[in-house]
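Notes follow once the structure below has been shown.
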Number of protein chains: 2
Amino acid sequence: MTNRVRRTMPILPISIVMQLTDLTARQIRYYEEQKLISPARTEGNKRMFSLNDVDALLEIKDYLEQGLNVAGIRKLYETKEMPQNDQAEPKTLSDAELRSLLREEMKHQARPFSQASQRHGDLSRFFK
Amino acid sequence: MTNRVRRTMPILPISIVMQLTDLTARQIRYYEEQKLISPARTEGNKRMFSLNDVDALLEIKDYLEQGLNVAGIRKLYETKEMPQNDQAEPKTLSDAELRSLLREEMKHQARPFSQASQRHGDLSRFFK
DNA sequence: AAACAGATGTTAGATTTTCTGACATGACTT
DNA sequence: AAGTCATGTCAGAAAATCTAACATCTGTTT
C-alpha cells in the first residue's frame with residue numbers, strides 16, 4: 001500500500017527507539033551529547049527521532065561493538081559527511097589520524113572497515 | 001537504504017498521528033471508542049499506533065468527509081474484513097442495510113463507493 | 001420549534017513518559 | 001593507583017497522554 005518513509009521526519013519517541021535499537025535511553029542521550037546524532041525536539045523538549053536517526057544509532061552501535069570509540073566514530077562521520085556539505089572546510093583525516101583509527105580497530109580483532117560500513121543490523125530487521 | 005515498514009508495529013504516539021492525519025486527539029480516541037481502530041497500548045496505557053492504524057484513520061477521515069457516519073464505516077469494515085477471518089459468522093450486509101448505506105451517501109452528493117475506497121489521502125503524502 | 005443524536009470541543013485531575021543533572025560503577029589505560 | 005570512557009541509577013521537574021464529564025454545533029425527528 002505504501003512505501004518508503006520520509007526518513008527524516010521525526011516521528012518516534014525515545015521509548016520506541018530503545019526497542020528498535022536495543023539501546024538504553026542513557027546510551028542514546030549520551031550519543032547525542034557526543035554529537036553523533038541530533039534528534040529533533042518537540043515544543044516541550046522531548047526528543048523525537050526519524051528513521052534515519054534509528055539507522056544512525058544502529059550504525060553507531062555496530063561500530064562500538066567493533067571496538068571503535070565515540071571519538072573515532074565522530075571523526076568518521078565528520079569526514080564521511082563532508083563531500084556534499086557547502087560551507088565547512090573540507091576537513092580530511094590526516095594519515096596519522098587514519099592510522100590511529102585503524103590501529104584502534106586492530107586491537108579489537110574486528111573486520112576491516114569496508115565490512116563495517118555494510119553491516120547488517122539496520123532497520124531491515126523491522127521493515128519488510 | 002531501507003524499506004517497507006513493518007506496518008503493524010506500534011511505533012507512533014498520538015501526537016505524531018495527529019500531525020500525520022490532521023485529526024484531533026479527541027477524534028482519534030472517539031474512533032477507537034467506536035471500534036473503528038484498536039491501537040496498541042504501552043504498559044503505562046498510552047496509545048501507540050502502527051502505520052496501518054494511520055492508514056485506517058486516513059480512510060475513516062475520508063469516509064466521514066464523504067458523508068458516511070461512524071456506524072456506516074464500522075459496518076463497512078465488518079463486512080470487508082470477514083473474508084480472511086476464521087471464526088466469526090460470515091456476516092453479510094442485508095440488501096436493506098446496503099441500500100441504507102447508499103442512501104446515506106446519496107444525501108451528501110458524494111461519489112460512489114468504488115471511488116471512495118481507492119481514495120488518495122493515504123500515507124503516500126508522507127512517504128516517498 | 002423543541003427535543004434528540006452524532007461528532008467534536010474543552011477542561012480537570014491523575015498517571016506515564018521524558019528530561020536534565022548528578023553521582024556511581026566497571027573495564028581499560030596509563 | 002589514578003584517570004578516562006561508556007553506561008547505570010536516581011531524583012525532581014516538566015511534558016504528554018489518559019479518562020471522564022460536560023459543552024457545543026449540526027443536522028434530524030417529532
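Lettering of chains follows the sequences in order, A, B, ..., and the numbering in each one begins at 1. Basis for what follows: all heavy atoms, side chains included, without hydrogens, waters or symmetry-related copies.
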According to a strict under-4.0 Å criterion, is [X] in side-chain N/O contact with OP1 or OP2 of [N]?
| X | N | value |
| --- | --- | --- |
| R47(B) | dT17(D) | no |
| R41(A) | dT20(C) | yes |
| Y30(A) | dA6(D) | yes |

Nearest to side-chain heavy atoms of [X], which nucleotide of [options]:
| X | options | value |
| --- | --- | --- |
| N69(B) | dG6(C), dC18(D), dT17(C) | dG6(C) |
| K46(A) | dA16(D), dA6(D), dT19(D) | dA16(D) |
| R26(B) | dG9(C), dT19(D), dG8(D) | dG9(C) |
| Y31(B) | dA15(D), dT8(C), dC18(D) | dT8(C) |

How many whole angstroms separate atom [atom1] of [X] from atom [atom2] of [N]?
| X | N | atom1 | atom2 | value |
| --- | --- | --- | --- | --- |
| F49(A) | dT18(C) | CZ | P | 10 Å |
| I14(B) | dT16(C) | CD1 | C1' | 14 Å |
| L64(B) | dG27(D) | CG | C1' | 15 Å |
| M18(A) | dT18(C) | CE | P | 8 Å |
| E33(B) | dT19(D) | CD | P | 10 Å |
| I28(A) | dT18(C) | CD1 | C1' | 12 Å |
| L57(A) | dT7(D) | CG | P | 11 Å |
| Q19(A) | dT18(C) | CD | P | 10 Å |

Report task. Give a yes or no answer on whether the side chain of Q19(A) reaches the backbone of I16(A) with a donor-acceptor pair at less than 3.5 Å. Result ->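 A pair under 3.5 Å: no.
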Query raised in the report: Taking atom CD1 of I37(A) and atom CG of N52(A), what is their separation to the nearest 0.5 Å?
Result: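 Taking CD1 in I37(A) and CG in N52(A), the distance rounds to 12.0 Å.
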Query raised in the report: Toward the 5' end of DNA chain C, which comes first, Q34(B) or T42(B), by nearest nucleotide?
Result: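 Residue closer to the 5' terminus by nearest nucleotide: Q34(B).
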Report task. Identify, between A25(B) and M48(B), the residue whose nearest nucleotide on DNA chain C lies closer to the 5' end. Result ->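 Nearest-nucleotide comparison on DNA chain C picks A25(B).
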For a quick test of reading the model, state the closest non-hydrogen atom pair linking [X] to [Y] and the distance between them.
| X | Y | result |
| --- | --- | --- |
| A25(B) | M18(B) | N-CE, 3.7 Å |
| D53(A) | P39(A) | OD2-CA, 3.8 Å |
| Q34(A) | R74(A) | O-NH1, 2.6 Å |

Query raised in the report: Checking all strands, does R29(B) fall into the base, sugar-phosphate, or nothing category for heavy-atom contacts under 4.0 angstrom?
Result: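 Base contact - R29(B) has a heavy atom under 4.0 Å of at least one base atom.
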